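As the structure is a prediction and not an experimental result, all values here were calculated from the model.
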There are 2 protein chains.
Amino acid sequence: MAFPKLSKLELQIMDVLWNNGPTAIRDIQESFGPKGRPAYTTVQTMVYRLETKKALRRARKIGNAHIFEAVISRDAAKARLVDEFLSMFGGRMQPVMAQLIEAGNLSPADVADAEKLLRDLAAKKKKEA
Amino acid sequence: MAFPKLSKLELQIMDVLWNNGPTAIRDIQESFGPKGRPAYTTVQTMVYRLETKKALRRARKIGNAHIFEAVISRDAAKARLVDEFLSMFGGRMQPVMAQLIEAGNLSPADVADAEKLLRDLAAKKKKEA
DNA sequence: GCTACGCTCTTACCGTTGTAGTAGGACGCA
DNA sequence: TGCGTCCTACTACAACGGTAAGAGCGTAGC
């Protein structure tokens with residue numbers, strides 16, 4: 001229960017809370033942009049479900065509207081996502097990296113960043129060994 | 001339709017076909033190992049659903065048993081998975097790489113492989129530019 | 001030929017996700 | 001004080017994924 005599984009839409013909602021801090025349902029819904037956003041009650045349903053999953057909680061009220069805030073951290077959620085993803089690849093990390101890298105979509109700057117991260121990691125591993 | 005979304009169990013089934021070539025349901029089921037494998041008919045149901053999704057097809061019969069073979073390629077499926085995953089992160093690649101790298105689970109050899117891939121990619125991008 | 005075993009097909013059920021409608025309470029403004 | 005608006009709370013429902021049982025048919029061995 002510490003780490004409930006979050007679906008895509010649930011994550012998008014959590015993102016709003018992570019980015020903006022405590023937020024009302026109306027504001028979450030409007031943050032989806034005017035095109036093709038879900039209905040107010042759709043967002044509401046997802047928020048309620050996130051509440052039962054203990055991913056967020058009611059922080060306070062403004063008028064008769066509840067203001068919700070995140071309970072789980074973005075990092076925890078992303079770690080969970082990564083696990084999920086890895087399990088799809090049989091838990092082996094290397095093919096995943098390869099796939100991601102080969103899938104392109106990386107700007108030269110991204111490549112540089114990734115390389116730096118890898119070098120740091122390699123250095124750390126060496127020191128540990 | 002060219003590219004159906006595959007769930008985790010569906011992928012595990014496809015993996016058997018990708019690894020072993022055309023396979024009967026019984027053999028797919030047994031490839032899950034004796035512990036906690038799904039029932040024969042569960043595998044069968046998933047295979048049938050993969051068939052309607054056009055992810056695999058009936059290749060031939062042996063006795064009264066159908067032999068199934070993959071229609072979609074492993075690479076295509078994995079590319080699709082990567083897309084799915086990226087969309088969870090808002091489509092931005094760099095944070096994903098960072099998360100994966102920081103999530104650990106990489107052997108030194110994995111790191112080296114990834115670095116090499118990145119260097120090759122950087123070189124290719126430079127040449128294109 | 002009869003029987004048993006394996007495979008096919010069909011059907012079903014539950015949980016999750018995405019979608020939304022509706023009823024009713026509260027609030028603010030005219 | 002009454003009307004429109006906004007929010008809550010509840011209910012509904014379809015698609016999908018995972019799970020599997022049950023009925024029936026074909027084949028192989030006796």
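Expressed to the nearest 0.5 Å, how far CG of Leu6(B) lies from CG of Leu11(B) amounts to 5.0 Å. Here Gln12(A) contributes atom CD and Ser87(B) contributes atom OG; the two are 8.0 Å apart, rounded to the nearest 0.5 Å. Between the OH atom of Tyr48(A) and the OG1 atom of Thr41(A) there is a distance of 10.0 Å, given to the nearest 0.5 Å.
Atom CG of Asn64(B) and atom C1' of dC7(C) are 5 Å apart (whole Å). Distance CD (Gln12(A)) to C1' (dT19(C)): 14 Å, rounded to an integer number of Å. For Ile67(B) and dC7(C), the CD1 to P distance is 10 Å, given to the nearest whole Å. Here dC27(C) presents its C1' atom at 15 Å from NE2 of His66(A), a figure rounded to the nearest Å. Counting to the nearest Å, the C1' atom of dG18(D) and the OH atom of Tyr48(B) are 17 Å from each other. One can place CD of Glu51(B) at 17 Å from P of dC7(C), the figure rounded to the nearest angstrom. Regarding Ile62(A), its CD1 atom lies at a distance of 16 Å from the P atom of dC6(D), rounded to whole Å.
Between Arg57(A) and Glu69(A), at least one side-chain nitrogen of the basic residue sits less than 4.0 Å from a carboxylate oxygen of the acidic one, meeting the salt-bridge criterion. Between Arg49(A) and Glu10(A) there is no salt bridge, since none of the side-chain N atoms of the basic residue sits less than 4.0 Å from a carboxylate O of the acidic one.
Residues from residues 23-42 of chain A with heavy atoms under 4.0 angstrom of DNA chain C, sorted by number: Pro38(A), Ala39(A), Thr41(A), Thr42(A).
When each of Asn20(B), Thr23(B), Asp15(B) is tested with Ile28(B) by the rule side chain to side chain contact (heavy atoms under 4.5 Å, CB included), just one qualifies, namely Thr23(B).
Side-chain N or O atoms of Lys61(B) include none that pairs as donor or acceptor with a backbone N or O of Ile67(B) at under 3.5 Å.
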Would you tabulate the nitrogen or oxygen pairs shorter than 3.5 Å linking the protein to nucleotides 14-17 of chain D?
residue: dG17(D); atom: OP2; partner: Lys53(B); partner atom: NZ; Å: 3.2
residue: dG17(D); atom: N7; partner: Arg49(B); partner atom: NH1; Å: 3.4

#### Entry: side-chain contact (heavy atoms from CB on, under 4.5 Å) assessment of Gln44(B) paired with Gln29(B)
CA-CA 9 Å; Gln44(B) 193 190 30; Gln29(B) 192 228 352; over 6 Å; no

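Here the side chain of Gln44(A) is nearest to one of dA20(D), dG21(C), dT10(C), namely dG21(C).
Ring orientation note: the planes of Phe85(B) and Phe85(A) are close to parallel, at an angle under 30° on the 30°/60° scale.
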